[in-house]
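Please read the structure below before turning to the comments.
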Amino acid sequence: MAPTLQEALLAWYTQHQRRLPWREAADPYRVLLAEVLLQQTRVAQAIPYYQRFLERFPTLEALAQASLEEVLEVWQGCGYYARARHLHQLARQVVARGQPLPHTASGLQALPGVGPYTAAAVASIAFGQAIAAVDGNVRRVLARLQAWEHPRPKQVQAQAQALLDALKGQVHPGIWNQALMELGATVCTPRKPNCPGCPLVTFCRGQGQPERYPAARPRPQRSLEVVALVLQGPLGFHLEPRQGRWLGGLWGVPLEEEPGGLARLLARFGLQKAELLGTLRHDLTHRRLWVRVYRAWGEGRENPAERPLSRLDRKILALATAPAAGAARPPWPPS
DNA sequence: AAGCCGGGGGT
DNA sequence: ACCCCAGGCTT
């Protein structure tokens, strides 16, 4: 008898699943950490952060006792720092309550930083709840299976849940969810998917032109000019904690938008002039930053190695630390 | 529903 | 240069 779609995928997953650190243990805290780290982040990038994070904060209790700055110290460079802030809040909430992590998706989703995907992933993988976890991979796999150019979120969620329900408890829901995601990550990739190597090829209505499903969404990218001031003294640099959503909680050098950015920075610190160290480009989500980096001598007592900094600030400080590093005249202007 | 949030790697 | 990644929060 021909295998069902579910049988075909599970057989494939048994053979081809990657060995990933968070698949070694069933500790709910570790599953949660992995899922948060994997939000908008590739597996390969998340792995070293996962290891370092667990070394430093082995349990939810250890995380709750840490300061936010300690948490960001480990998270720096990984991006989307709200994830770290929320995970820290989550740990403090749950520990303060004196309860273990909620065992259901709805309970989990009430926690900070846990949305529909993460809640379903943790509930299914760590607690065995039969709920479909729909991420970008699953969305793409199902869009191709059904030849949906514009899959609607409810449509995808319902389809994913139907596939899981058809298993009728014969398979651990977490295994099924991971199998679907694994297929999307390694075979049913966004571009140049490996259709001949796909266990679901006989079930797929989109294999003829897989890259048509789902249709890509146009993404505008805005260009922004800013000025950074590296204020350097004999004892160190002037760094300040950033507020708000943008790199919030991390430290950085004073930054101002053009036009008039340099004048505002000079006025703020009572300076007459500053030396142009160079320019650099930095890309954020949907934004391209063109940064003019100036240096002036004055008060500064911070050691950048002891503060959590974003990549942007590390690049800026590198211009002051490594003179003539070749980045003195990078591409400009914003075109 | 749309806008916002980092950084990186594959193509 | 472009795409998008085991998304979630705010408006």
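First the proteins, then the strands, lettered A, B, ... as listed; each starts at 1.
- Residue contacts for A:G184: at a heavy-atom cut-off of 4.0 Å it reaches no nucleic acid atom on any strand shown.
- In terms of phosphate contacts, A:R140 brings a side-chain nitrogen or oxygen within less than 4.0 Å of OP1 or OP2 of C:dC5.
- A:L250 comes within 4.0 angstrom of no nucleic acid atom, judged by non-hydrogen atoms across all strands.
- The OH atom of A:Y80 sits 10 Å away from the C1' atom of C:dG8 (whole-angstrom rounding).
- Distances shown here put a side-chain N or O of A:Q40 below 4.0 Å from the OP1 or OP2 atom of C:dG7.
- Rounded to an integer number of Å, the gap from A:Q45 CD to B:dG7 C1' is 6 Å.
- Side-chain atoms of A:R307 and A:Q76 form no donor-acceptor pair, as typed in the model, at a separation below 3.5 Å.
- Using modelled atom types and a 3.5 Å distance limit, the side chains of A:Q39 and A:T118 yield a donor-acceptor pair.
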Start with the C-alpha gap between A:K315 and A:D313, add the side-chain angles, then the distance that decides, and say whether salt bridge (charged side-chain N to carboxylate O under 4.0 Å, His left out) holds. CA-CA 5 Å; A:K315 281 159 70 176; A:D313 287 286; over 6 Å; no
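- Residue A:R23 is in base contact, counting any heavy-atom pair closer than 4.0 Å across all strands shown.
- For A:H286 and B:dC5, the shortest distance from a side-chain N or O to OP1 or OP2 is not below 4.0 Å.
- For C:dC4, neither phosphate oxygen OP1 nor OP2 lies less than 4.0 angstrom from any side-chain nitrogen or oxygen of A:R191.
- Using a 4.0 Å heavy-atom criterion, one finds that A:V138 contacts no nucleic acid atom at all.
- Side-chain rings of A:W22 and A:Y50 approach one another, their centers coming within less than 6.0 Å.
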